[in-house]
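Quick notes on the structure that follows.
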Amino acid sequence: MASSSRTSFVLASRASKLAQIQTNIVRDGLETTFPALSFSTSFMTTEGDKNQSQALYLLGGKALWTKELEVALKENVVDMLIHSLKDVPTTLPHGCEIGAILERENPVDSLVVKQGLPYRTLEDLPDGSVVGTSSVRRVAQLRRSFPGLVFLDVRGNLNTRLAKLDAPDGPYTALILAKAGLVRLGMGDRITADLAAPILFHAVSQGALAIEIRADDQEARELCKALTHQETQWKCLAERALLRELEGGCSVPVGVSTSLSQIDKSAGKLTRATLEITGCVTSLDGSVHVQDTLSQEVESIQGAEELGKNLATKLMANGAKVILDDITRDRRKRASDAETAE
């Protein structure tokens with residue numbers, strides 16, 4: 001790294017326990033790599049944290065989780081934002097960029113059954129069982145294979161959601177949660193079963209942490225390079241290119257599964273690999289499901305992103321556009337109905 005005039009950097013994120021743990025993971029990595037520099041943390045509440053009553057599906061895009069943080073970044077109050085990459089909009093505000101993508105935790109979703117119940121799999125759950133999740137992606141996909149289950153929105157941080165699950169008078173038999181968050185919180189023992197593809201395709205960039213920086217901050221960019229995990233970076237940027245092309249936001253049922261094989265490196269840097277990406281778009285009731293896979297040798301980030309874009313084009317041509325247009329109309333209608341009810 002070139003000599004820097006700054007010796008201290010402020011890392012910021014949301015105030016939830018998980019966000020703080022994730023920020024501390026990044027801070028520790030930076031402190032280990034750059035012991036001569038100082039890294040502090042700052043935590044703030046975002047609009048998405050404040051609104052815990054309305055379904056995510058009706059709240060709009062991912063900027064709910066990032067907007068306030070990005071204001072602080074652009075005003076030079078903080079230097080780096082630590083995000084779950086799946087919560088970051090695929091198009092960033094002018095003047096902001098992704099500086100690093102860290103090595104991904106297992107990106108699958110997991111089944112968590114209410115304490116004291118004997119069920120071990122989704123197949124074990126009796127018809128009429130209530131499964132909690134705030135993700136329309138999960139609901140749409142699971143309705144295809146488990147039409148007898150009832151899906152109910154559940155909001156709040158992980159501790160809150162687990163408390164709602166385990167409450168003796170609570171309605172939930174089980175929850176569907178991202179495995180990565182449970183593992184980072186030290187709650188991996190609550191996982192009843194993992195739900196991998198093809199049963200459930202995970203969210204774009206799920207399990208990966210990202211550092212957002214100012215686009216003109218060369219010093220922060222140099223620091224971020226040391227934490228970037230290229231295999232994760234190539235896979236996640238392909239997934240984000242797919243989602244960007246589909247114009248999907250936080251609550252659109254787009255699922256993915258991505259892998260790298262035949263990896264070539266030079267001087268420790270990724271130079272070539274075979275990238276395979278599967279994407280799917282599912283109607284809200286689970287009745288229509290469009291899925292396809294592309295595999296290609298790529299030699300750069302740009303090649304990975306191009307493959308994601310090509311898969312999106314293929315999905316749109318095969319019926320995904322009709323599904324997404326229907327979802328947009330449904331969301332607008334429900335949001336209008338909700339405003340009228342108020």
Side-chain angles (χ1 to χ4, degrees), residues 1 9 11-14 16-35 37 39 41 80-88 90 97-110 158 177-188 191 194 196-197 201-213 220-243 256-278 298-305 307-308:
M1 176 186 157
F9 295 81
L11 283 60
S13 79
R14 294 163 58 192
S16 72
K17 184 177 180 182
L18 177 58
Q20 293 189 41
I21 287 173
Q22 293 176 163
T23 301
N24 291 340
I25 289 171
V26 176
R27 180 202 61 200
D28 293 348
L30 288 167
E31 287 180 341
T32 299
T33 309
F34 303 102
L37 301 178
F39 300 93
T41 57
M80 302 179 186
L81 305 181
I82 313 307
H83 302 298
S84 292
L85 185 53
K86 71 180 179 64
D87 294 333
V88 178
T90 55
E97 66 179 46
I98 299 297
I101 299 176
L102 282 68
E103 185 171 5
R104 194 178 208 168
E105 283 277 359
N106 189 332
V108 300
D109 291 303
S110 295
L158 277 176
L177 300 167
K179 180 171 186 168
L182 288 164
V183 170
R184 290 185 182 125
L185 278 167
M187 297 179 178
I191 295 173
D194 289 337
F201 288 87
H202 60 74
V204 164
S205 303
Q206 187 159 302
L209 300 182
I211 306 175
E212 183 178 359
I213 61 173
R221 184 180 295 113
E222 289 298 317
L223 297 177
C224 286
K225 285 181 181 177
L227 297 190
T228 293
H229 184 255
Q230 282 189 293
E231 287 89 336
T232 299
Q233 181 188 45
W234 285 24
K235 288 189 284 188
C236 285
L237 291 180
E239 294 171 11
R240 283 171 61 80
L242 163 72
L243 186 59
V256 293
S257 180
T258 312
S259 65
L260 281 180
S261 61
Q262 298 177 300
I263 294 171
D264 289 340
K265 291 187 175 184
S266 176
K269 296 295 184 181
L270 187 58
T271 57
R272 183 188 295 110
T274 297
L275 175 60
E276 180 175 287
I277 177 169
T278 299
V298 296
E299 299 181 349
S300 64
I301 289 171
Q302 292 74 22
E305 291 181 322
L307 188 63

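Just so it is clear, the values below take in all heavy atoms, side chains as well, and ignore hydrogens, waters and symmetry mates.
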(Q) Between Cys236 and Arg104, is there a side-chain heavy-atom distance shorter than 4.5 Å? (A) yes
Q) Taking the side chain as C-beta and beyond, is there a heavy-atom pair between Glu276 and Thr258 under 4.5 Å? A) no
Q) For the atom pair CG (Leu182) and CE (Met187), what is the distance rounded to the nearest 0.5 Å? A) 7.5 Å
Q.
Nearest 0.5 Å, please: how far is CG in Leu209 from CD in Glu105?
A. 8.0 Å
Q. Would you call Lys86 and Glu239 a salt bridge, using N to O less than 4.0 angstrom?
A. no
Q: Would you please test Leu81 and Val88 for side-chain contact (heavy atoms from CB on, under 4.5 Å) and show each step?
A: CA-CA 11 Å; Leu81 305 181; Val88 178; over 6 Å; no
(Q) Measuring only between side-chain heavy atoms, which start at C-beta, is Met80 closer than 4.5 Å to Ile213? (A) yes
**Q.** Approximate separation, where rounding is to 0.5 Å, of Ile277 CD1 and Lys235 NZ
**A.** 11.0 Å
**Q.** 4.5 Å side-chain heavy-atom contact, Leu270 and Ile263
**A.** yes
**Q.** Heavy-atom pair of closest approach, residues Thr23 and Ser13
**A.** OG1-OG, 2.8 Å
Q. Are any of the side-chain heavy atoms of Asn106 and Val183 separated by less than 4.5 Å?
A. no
**Q.** Nearest non-hydrogen partners of Ser205 and Arg240, listed with the distance
**A.** OG-CG, 3.4 Å
Q: Might you point out which heavy atoms bring Thr278 and Phe201 nearest each other, and give the distance in Å?
A: CG2-CE2, 3.5 Å
Q: To the nearest 0.5 Å, tell me how far Leu30 CG sits from Leu227 CG.
A: 4.5 Å
Q: Would you mind reporting whether Val204 and Thr90 have side-chain heavy atoms less than 4.5 Å apart?
A: no
Q | Main-chain N/O of Gly303 paired with Ser300 side-chain donor or acceptor, under 3.5 Å | A | yes
Q. Using the ring of each side chain (for Trp, its six-membered ring), is Phe34 parallel, tilted or perpendicular to Phe39, with breaks at 30° and 60°?
A. tilted
(Q) Just to verify, which of Arg184, Gln206, Gln22 counts as forming a side-chain hydrogen bond (donor to acceptor under 3.5 Å, both in side chains) with Ser84? (A) Gln22
Q: Report yes if some heavy atom in the side chain of Ile211 is under 4.5 Å from a heavy atom in the side chain of Leu223; otherwise report no.
A: no
(Q) Would Ile101 and Leu237 count as a side-chain contact (heavy atoms from CB on, under 4.5 Å) here? Give the steps. (A) CA-CA 9 Å; Ile101 299 176; Leu237 291 180; 4.0 Å; yes
Q. How long is the span from the CG atom in Leu275 to the CD atom in Gln262, to the nearest 0.5 Å?
A. 12.0 Å
Q. Considering all heavy atoms of both residues, which atom of Leu260 and which atom of Ala273 are nearest to each other, and what is their separation?
A. CD2-CB, 3.8 Å
Q. Taking all non-hydrogen atoms of both residues, which atom of Val108 and which atom of Ala196 are closest, and how far apart?
A. CG1-CB, 4.0 Å
Q.
Please give me the minimum heavy-atom distance between Asp109 and His202, naming the atom from each residue.
A. OD2-CA, 4.1 Å
**Q.** Heavy-atom check, side chain of Arg221 versus side chain of Glu97, under 4.5 Å
**A.** yes
**Q.** Value rounded to 0.5 Å, distance of OG1 in Thr41 from CD in Gln20
**A.** 7.5 Å
